[in-house]
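Index from 1, following the sequence.
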Amino acid sequence: MAFILASYKVADYGGWKAIFDEDHAGRSGAVKHHQIFQAVNDPNHVFIGLEFSSAQDASAFHQRLSASGVLEGLTIESAPTVVELADEQTY
């Protein structure tokens, strides 16, 4: 299991979410699950987590995402990064 994590500042969450939902990078064919978070004090500060079956799948999507142009115009706080789970605890 692998993930892509990213953080962006967007001008308008509703407008950004509409573009996200259009799925220009082909997320629906590659991503198993995604989560979108908003900062409590700034709903236009968005955090995204995308889950993939493998690091290869995540890397392939990362390339499509970068080439799609959907990141242009966003203030990137933390660039999309392919990661794997290092540790997990349930409390």
Side-chain angles (χ1 to χ4, degrees):
M1 185 177 341
F3 303 85
I4 291 179
L5 302 177
S7 172
Y8 310 111
K9 292 280 272 184
V10 299
D12 169 62
Y13 176 81
W16 170 83
K17 180 67 166 65
I19 293 169
F20 179 87
D21 289 343
E22 289 174 4
D23 194 16
H24 294 279
R27 180 183 65 257
S28 63
V31 175
K32 292 176 55 174
H33 178 76
H34 78 263
Q35 293 179 303
I36 299 172
F37 302 89
Q38 292 174 287
V40 171
N41 295 328
D42 182 0
N44 291 322
H45 190 177
V46 180
F47 302 81
I48 302 169
L50 307 170
E51 181 181 338
F52 298 84
S53 296
S54 69
Q56 270 186 316
D57 290 348
S59 294
F61 178 77
H62 186 274
Q63 290 176 347
R64 287 198 313 275
L65 178 66
S66 297
S68 73
V70 298
L71 300 177
E72 295 174 15
L74 297 178
T75 301
I76 298 174
E77 297 284 319
S78 175
T81 304
V82 176
V83 300
E84 292 182 306
L85 185 63
D87 187 29
E88 181 176 24
Q89 294 289 322
T90 302
Y91 296 96

message: What I'd like to find out is whether the side chain of F37 reaches to under 4.5 Å of the side chain of S7, using heavy atoms alone.
response: no
- request: Output all residues satisfying side-chain hydrogen bond (donor to acceptor under 3.5 Å, both in side chains) with D12, sequence neighbours left out; order by chain, then residue number.
  value: none
- prompt: So which heavy atom on F61 is nearest to which on A30, and how close?
  reply: CD1-CB, 4.4 Å
task: Answer yes or no: is there a donor N or O on one side and an acceptor on the other, between the side chain of D57 and the main chain of F52, under 3.5 Å?
output: no
- prompt: Between H62 and I4, is a side-chain contact (heavy atoms from CB on, under 4.5 Å) present by the stated rule, with each step listed?
  reply: CA-CA 8 Å; H62 186 274; I4 291 179; 3.9 Å; yes
- prompt: At what distance, to the nearest 0.5 angstrom, does CD of E88 lie from CE of M1?
  reply: 7.5 Å
Pair V10-N44, side-chain contact (heavy atoms from CB on, under 4.5 Å): steps then yes or no: CA-CA 5 Å; V10 299; N44 291 322; 4.0 Å; yes
message: Between W16 and L74, is the side-chain contact (heavy atoms from CB on, under 4.5 Å) condition met? List the steps.
response: CA-CA 9 Å; W16 170 83; L74 297 178; 3.8 Å; yes
message: I want to check something: taking the side chain as every heavy atom from C-beta on, are I36 and Y13 in contact at a cut-off of under 4.5 Å?
response: yes
task: Inspect the surroundings of CD in Q56 and state if more than 12 heavy atoms from other residues, nucleotides or ligands are less than 6.0 Å away.
output: no
- request: Give the ring-plane orientation class for F20 versus H34, where under 30° counts as parallel, over 60° as perpendicular and anything between as tilted.
  value: perpendicular
message: Go through it in stages, so that I can follow the logic: the residues are F3 and L50, the test is side-chain contact (heavy atoms from CB on, under 4.5 Å), and I'd like the CA-CA distance, side-chain angles, deciding distance and then a yes or no.
response: CA-CA 5 Å; F3 303 85; L50 307 170; over 6 Å; no
query: NZ/K9 to CD/E77 distance, rounded to the nearest 0.5 angstrom?
result: 6.0 Å
Minimum-distance pair of heavy atoms, taken over all atoms of V82 and A58: CG1-CB, 3.7 Å
- prompt: Does any non-hydrogen side-chain atom of L71 lie less than 4.5 Å from one of Y8?
  reply: yes
message: How long is the straight-line distance from CZ of R27 back to CG of D21, given to the nearest 0.5 Å?
response: 6.5 Å
- prompt: Do you know which two heavy atoms are closest between A79 and T81, and how far apart they sit?
  reply: O-OG1, 2.8 Å
- prompt: At what distance, to the nearest 0.5 angstrom, does NE2 of H24 lie from CZ of R64?
  reply: 14.5 Å
